[in-house]
Structures are given as structure tokens and as C-alpha cells.
Amino acid sequence: GPLLEQSVESVSVLTRMDAKHKVRCLWILCVLYVLQEGPEALLRDKLSVFCRKSDQIHKFCRLLKLAGTTCQYFIPSNESFFTLGGLSKEMTQETFNCIS
């Protein structure tokens, strides 16, 4: 849908933002939610469209890598469990699980 298209087109802008930037974090959380909960047939069709255009599939892959680096900072290695701006520990863990 529109969120995936906008995300793919805006990946360079999102990349320039700091990993802890609220806009980047919330945008990535929305993308991950759509990828996890969206209708499978619709997602498959959208990915098929991305695959037909090499620049779009490249940007989509960059978006997935960006999601990984953004969510890595949610969970520090030696501190208590961190949550972003009031998100529950469960939501933070679910986000991490979604990209793992």
C-alpha cells in the first residue's frame, strides 16, 4: 500500500536520520507492523512490483536493513530492557522479533 511505497521512496531521508530519531523509529515501527499484519496476498503483490524495478527492490532491501539498525538500539546489551517513548516492553520485544 501507500505506506510501503512512501517508505521505499523515502529510504534515503530515513537513513540520514539518527537511529534514535522519533520520526524514524515510529515510521519503521509502522512499516514493520504493516509487513507483519498486512494481508499476505497484498504484500506479495507489492513485493512483486518492487522486484520488477531494480531500484525499488534495492531501496526496499535498504529499508529492511534500516529497520534492523533502528531497532538494535531498543535493546542495550548490558542494561535493563529499554522501551521507546512509552511503548510497552512487549511492543518493543515484538518489534525486535519481527525483524529477527
Side-chain angles (χ1 to χ4, degrees):
L3 178 68
L4 290 178
E5 292 167 352
Q6 282 298 120
S7 300
V8 165
E9 291 305 316
S10 302
V11 72
S12 62
V13 174
L14 292 168
T15 302
R16 288 191 301 264
M17 293 179 184
D18 185 78
K20 296 179 182 180
H21 194 284
K22 281 190 176 187
V23 171
R24 175 173 155 170
C25 290
L26 292 175
W27 193 279
I28 293 296
L29 288 173
C30 290
V31 168
L32 292 174
Y33 178 79
V34 167
L35 290 174
Q36 184 175 4
E37 300 296 330
E40 189 175 323
L42 187 63
L43 291 172
R44 197 173 28 249
D45 289 345
K46 184 52 63 184
L47 289 175
S48 175
V49 170
F50 288 158
C51 287
R52 283 185 238 131
K53 301 175 183 173
S54 64
D55 66 318
Q56 290 213 325
I57 194 63
H58 175 71
K59 289 178 182 179
F60 181 73
C61 290
R62 283 181 59 202
L63 182 66
L64 294 178
K65 289 180 183 178
L66 185 66
T69 58
T70 300
C71 292
Q72 281 178 354
Y73 105 92
F74 285 166
I75 306 173
S77 58
N78 59 359
E79 296 179 20
S80 62
F81 201 77
F82 173 80
T83 59
L84 174 67
L87 289 178
S88 67
K89 291 179 182 180
E90 293 79 15
M91 178 65 168
T92 304
Q93 184 64 49
E94 184 63 28
T95 301
F96 183 76
N97 291 345
C98 188
I99 61 168
S100 298

**Request:** Output the distance between atom NZ (K53) and atom NZ (K59), rounded to the nearest 0.5 Å.
**Result:**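 If I round to the nearest 0.5 Å, the distance is 10.5 Å.
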**Message:** If I take atom SG from residue C30 and atom CG from residue L4, how far apart are they, to the nearest 0.5 angstrom?
**Reply:** 11.0 Å
Test item: [X] and [Y] side chains (from C-beta on) under 4.5 Å apart, heavy atoms:
{"X": "Q6", "Y": "W27", "answer": "yes"}
{"X": "E5", "Y": "K46", "answer": "yes"}
{"X": "D45", "Y": "V49", "answer": "no"}
{"X": "L63", "Y": "I28", "answer": "yes"}
{"X": "H58", "Y": "R62", "answer": "yes"}
{"X": "L14", "Y": "T70", "answer": "no"}

Write down the atom of [X], the atom of [Y], and the distance for their closest heavy-atom approach.
{"X": "V34", "Y": "L43", "value": "O-CD1, 3.7 Å"}
{"X": "R24", "Y": "D18", "value": "CD-O, 3.5 Å"}
{"X": "A19", "Y": "C25", "value": "O-SG, 3.2 Å"}

**Prompt:** With no hydrogens and no angle check, do the side chains of R44 and S48 hold a donor and an acceptor under 3.5 Å apart?
**Reply:** no
**Asked** Does L66 offer a backbone N or O that forms a donor-acceptor pair with the side chain of T69 under 3.5 Å?
**Response**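 Yes, because the side chain of T69 sits within donor-acceptor range (under 3.5 Å) of the backbone of L66.
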